[in-house]
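Atoms considered below: every heavy atom in the structure, side chains included; atoms not considered: hydrogens, waters and symmetry mates. All residue numbers refer to positions in the sequence shown, counting from 1. Predicted, not measured: the structure shown is a model, and the values here were computed from it.
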Amino acid sequence: MDFPVAEPISAAIAETVGRGDLGYPTWSNWMGASPLAEPFTRRMAELYHWRPRPEWVRNFGDVVQAIQVVLQLTTRPGDAIALHTPNYPPILKSITMMGRRVLPSPLERSGDGWAFDPDRLEREVAGAGCRTLIVVNPHNPTGRVYTTAELEALAGIAARNDMLVIADEIFADLAYPPHRHVPLASLGPDIAARTVTLTSATKAFNIAGLRCAVAHVGPAGLREALDGRPPDYFGIVDVLGVEATRAAWDEGGPWLAALMDHLAANRDLVAGALAARAPGIGYRPPQATHLAWLDCRSLGTATDPGVFFREKAKVELSSGESYGPGGTGFARLNFATSASILSEILNRMAEAVADER
């Protein structure tokens, strides 16, 4: 995001550096008690009325790394991994580079949003003998916030097919009212016991470079597998990442509220500009995230939309093709910037589309 770091985070980092506290931390054994277990569980209880088990919390460098570790410990090459598509490219790449197979559950345009077919997903899971489900909620790139009913359907599929669920919930803090994030593991003890919930302060608070994430590891066998590895086997989080995350979660509320007001205005700015000047670009305002998933299929451009807008508008978007099945003809726009820069981006895109006619 094109925004400065929240003042409590800057102050926490400066204070840590100022006291010279960059040596080995007392919690250096990252496979033991997590330094973020208490802040994480408190935040989940306050925001989402979910009370995780602090002793189930483990540390990771980031969410994608955690996904890779879980897949390494619980699956084998050739195994099918189910997830909604399109999906975040690093997750798809992790699956394929590890020799696993993507089992896509298509998200289709429905009304003013996106939906998936749970019956189709269950049939294909059962047919493939799939035992692992990745749920990205809120969803990247569509910005969909799954309803409790949808999550209950996924929990039922997981239970009936004895599946491990990896819940990437990193965008939970960026849900726009009236949409509300519901942690999958909060639905009951059975789904909690088979779910690895992954989150981080890095997306909402713009501190991705500090590489700090947490995992609430429900499956007992997976906790044993993680704890059975040498302490630093999967890497460790660092002092500044932990202090920044604590400050974000404990003191960053006012900054986050102001951010959400700005992002909501930008989300509407995208809708208004495209409707007025480039109606051929399909856009359903996201229910969460700072990302616009743009349907450019009706534009009739000879090249991928990402390439088209880079060359014709000098605007850098993410190519939809990299998001897997369902991504061709789409592009992803990050609107977490100033209104003036976003207006310039949208103006350039509209002019490029007009020139192509």
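Residues L198 and L92 share a single hydrophobic cluster, defined by chaining ILVMFWY side chains whose heavy atoms lie under 4.5 Å apart. Criterion: ILVMFWY side-chain heavy atoms under 4.5 Å apart, direct or through other members. Under it, L164 and L226 are part of a common hydrophobic cluster. Cluster membership for V136 and Y48, using ILVMFWY side-chain heavy atoms within less than 4.5 angstrom, is shared. Clustering ILVMFWY residues whenever any of their side-chain heavy atoms sit less than 4.5 angstrom apart, transitively, puts V69 in the very cluster that holds V214. Transitive grouping of hydrophobic side chains (ILVMFWY, heavy atoms separated by less than 4.5 Å) keeps W56 and L184 in distinct clusters.
M97 places none of its side-chain heavy atoms less than 4.5 Å from the side chain of Q68. Inter-residue side-chain proximity for I95 and I67 is flagged as unmet; no heavy-atom pair is nearer than 4.5 Å. A heavy-atom distance below 4.5 Å is not found between the side chains of R348 and F309. Put simply, the side chain of P183 reaches to within 4.5 Å of the side chain of H181, judged on heavy atoms. Residues R277 and V353 form no side-chain contact, since every pair of their non-hydrogen atoms from C-beta on lies 4.5 Å or further apart. Taking the side chain as every heavy atom from C-beta outward, N140 and D168 never approach each other to under 4.5 Å. Using a 4.5 Å heavy-atom cutoff, the side chains of L36 and V57 are not in contact. In this structure, V5 and S10 have side chains that are in contact, with non-hydrogen atoms separated by less than 4.5 Å.
Between the side chain of S298 and the backbone N or O of G280 there is at least one donor-acceptor pair closer than 3.5 Å. Between the R144 side chain and the W114 main chain, a donor and an acceptor come within less than 3.5 Å of each other. Looking at R310, its side chain never comes within 3.5 Å of a backbone N or O of E316 through a donor-acceptor pair.
The nearest pair of heavy atoms linking G111 to R284 is O-NH2, 2.8 Å. Looking at every heavy atom in both residues, A201 comes nearest to T245 through CB-CG2, 4.1 Å. The minimum heavy-atom distance between Q287 and R267, with the atom names listed, is CA-NH1, 4.5 Å. In terms of heavy atoms, W293 sits closest to P86 at CZ2-CG, 3.7 Å. P305 and C296 make their closest contact through CG-CB, 3.7 Å (heavy atoms, listed as atom of the first residue, atom of the second, distance). E152 and L187 make their closest contact through N-CD1, 3.8 Å (heavy atoms, listed as atom of the first residue, atom of the second, distance).
Expressed to the nearest 0.5 Å, how far CE of M163 lies from OG1 of T132 amounts to 6.5 Å. With rounding to the nearest 0.5 angstrom, the CZ atom of R120 is 7.0 Å from the OG atom of S105. For the atom pair CE of M44 and CH2 of W249, the computed distance is 6.5 Å after rounding to the nearest 0.5 Å. Interatomic distance, L294 CG to L274 CG, rounded to the nearest 0.5 Å: 6.0 Å. Interatomic distance, CD1 of I207 versus OG of S200, reported as 6.5 Å (0.5 Å rounding). Once rounded to the nearest 0.5 Å, the distance linking CD of E122 with SG of C130 reads 11.5 Å.
Looking at residues two or more places apart in sequence or on another chain, you find a ring pair (Phe, Tyr, Trp, His ring centres under 6.0 Å) between F205 and W255. Taking T74 as the reference, nothing meets the side chain to side chain donor-acceptor pair (under 3.5 Å) condition, with sequence neighbours excluded. The ring pair (Phe, Tyr, Trp, His ring centres under 6.0 Å) check on F116 picks up H84, Y146, with sequence neighbours excluded. For F40, there are no ring pair (Phe, Tyr, Trp, His ring centres under 6.0 Å) partners at least two apart in sequence or on another chain. Residues that satisfy the side chain to side chain donor-acceptor pair (under 3.5 Å) test with D295, not counting sequence neighbours, are R109, R297.
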Next on the checklist: Please determine whether side chain to side chain contact (heavy atoms under 4.5 Å, CB included) holds for the pair L154 and I191, giving the CA-CA distance in whole Å, both sets of side-chain angles, and the decisive distance to 0.1 Å.
Outcome noted: CA-CA 9 Å; L154 291 173; I191 188 62; over 6 Å; no
Checklist entry - Is there a side chain to side chain contact (heavy atoms under 4.5 Å, CB included) between D79 and L71 once you walk through the steps? => result CA-CA 10 Å; D79 285 355; L71 292 180; over 6 Å; no
Next on the checklist: Please determine whether side chain to side chain contact (heavy atoms under 4.5 Å, CB included) holds for the pair T75 and M98, giving the CA-CA distance in whole Å, both sets of side-chain angles, and the decisive distance to 0.1 Å.
Outcome noted: CA-CA 10 Å; T75 67; M98 295 177 71; 5.7 Å; no
Next on the checklist: Between K203 and D173, is the salt bridge (Lys or Arg N to Asp or Glu O under 4.0 Å) condition met? List the steps.
Outcome noted: CA-CA 9 Å; K203 292 291 187 184; D173 288 340; over 6 Å; no
Next on the checklist: One pair to check against side chain to side chain contact (heavy atoms under 4.5 Å, CB included): L22 and L240. What are the steps and the verdict?
Outcome noted: CA-CA 8 Å; L22 298 179; L240 294 182; 3.9 Å; yes
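N59 and S34 form a side-chain donor-acceptor contact under 3.5 Å, judged by distance and modelled atom types alone.
Between R246 and E243 a salt bridge is recorded (basic side-chain N to carboxylate O distance below 4.0 Å). The pair D119-R123 does not count as a salt bridge, with every side-chain nitrogen at least 4.0 angstrom from each carboxylate oxygen.
Of the residues N87, I91, I134, L83, the one that meets the side-chain contact (heavy atoms from CB on, under 4.5 Å) test with V102 is L83. A side-chain contact (heavy atoms from CB on, under 4.5 Å) with E169 holds for exactly one of V135, V63, V182, T197; it is T197.
Ring centers of W50 and H216: under 6.0 Å apart, within the cut-off.
Other residues, nucleotides and ligands place no more than 12 heavy atoms under 6.0 Å from the CZ atom of R76.
Ring geometry, F3 versus H262: the interplanar angle exceeds 60°, so the pair is classed perpendicular (tilted spans 30 to 60°).
Residue pairs meeting the ring pair (Phe, Tyr, Trp, His ring centres under 6.0 Å) criterion with at least one member in residues 335-357: none, sequence neighbours excluded.
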